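Worth saying up front: this structure is predicted, and the values here are computed from it rather than measured. Counting starts at 1 for both ligands and their atoms, in listed order. When a residue number appears, it is its place in the shown sequence, counting from 1.
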Amino acid sequence: MHQPVRKLSSVVIGILVACLLAAGPALAGNGGIAPVTPNSPNAHAITDSYWFITGFVVFVFVGVEGLLVAFVVKYRRGKRPRDADGPQIHGSSRLEAMWTAIPVAILVAVAAFVFVKLPGIKNVPSANAAGGRLEVTVTGQQFFWEFTYPNGAVAVDRLRVPVGQPVHLTVTAPDFDVIHSWWIPALGGKIDAIPGRLNHTWFTATKAGVYSGRCAELCGVQHAVMLMTVQAMPRAEFEHWVTEREQQQASGTAKGTLGEETFTGACAACHGLAGQGVVGPQISQSGTLQDKAALTSLLRNGQGEMPPVGKAWNQDQIDALHAYVKERFGGQ
Ligand code: CUA
């Protein structure tokens, strides 16, 4: 009678140990469980909180499921008659106190840890900090991200920043648009881009490189193509880029940079990279691309299903886009 029970128990325990052993490599090799490697202090704090909570989650899961399986085996009916009563059990104060105290202790530990980490996640570093901080306005629109730098330079879908300098993002959306969500996992948590509201977040890229993310709020039919990247580069390189971009815009020579970015980010999301039409109509043959006044009016006012994507764009951006599409689609 007791021999098979012991045999089965050891099988169950063996399976549980195997599961735990398998969990180690799965966690180390990011099998979809581990967050991306953080590369900003706030992203580090988020990842720390994640692992702290995951520890308890695993403990509770293995404890509860392990006991469940063990009890199913240990207290199964076996050869007892079907109508025989099981043993009569009265309360166990010690056990009840334990299953109250342990969850309370876990919740207190989780809350305390998160409250300790929260300021490091949420609070934007002071503007007076050593090295200063870069201010960028991030505007989410169907279906692209627009970045405006303090000197007036504009970029679409790729945010260039200096390595090691705090970047303060003011995240918003135009009043004719919908809610989007800014999220570069390696550089911190999500923040919503809400029409008419200014939200704030930050990051400090600790390593040069390109970090990718995507709009994290369902915002319309082309939500899935609303991708963005942050490129962190040495400070001197960044200063050179941002100055050059501003000069190109002012002198009307930004067609190959801002013009192309704007077409690829804003227009191509709906009309296709070749203007062949996707959810929006084909535009590659459209005379509007050649006619600056018509293009400006379309961008500023929208038409039919097309939102007024360029309502808030400065004239430099419209000029750059027009110069780009005029050359690219001209003479067809
Ligand atoms: Cu913007 Cu989803």
Can you give the angle C219 SG - atom 2 (Cu) of ligand 1 - C215 SG, rounded to 10°? 120°
Aromatic ring centroids of W182 and F147 under 6.0 Å? yes
Donor-acceptor side-chain pairing of T253 and Q248 below 3.5 angstrom: no
Donor on one side chain, acceptor on other, T204 and Q165, under 3.5 Å: no
Centroid-centroid distance, Y149 to W241, less than 6.0 Å: yes
Give the atom name of whichever N/O/S atom in E217 sits closest to atom 2 (Cu) of ligand 1. O
Rounding to 10°, state the angle centred on atom 1 (Cu) of ligand 1 that links SD in M226 with ND1 in H180. 90°
Tell me whether H223 has at least one N, O or S atom under 2.8 Å from atom 1 (Cu) of ligand 1. no
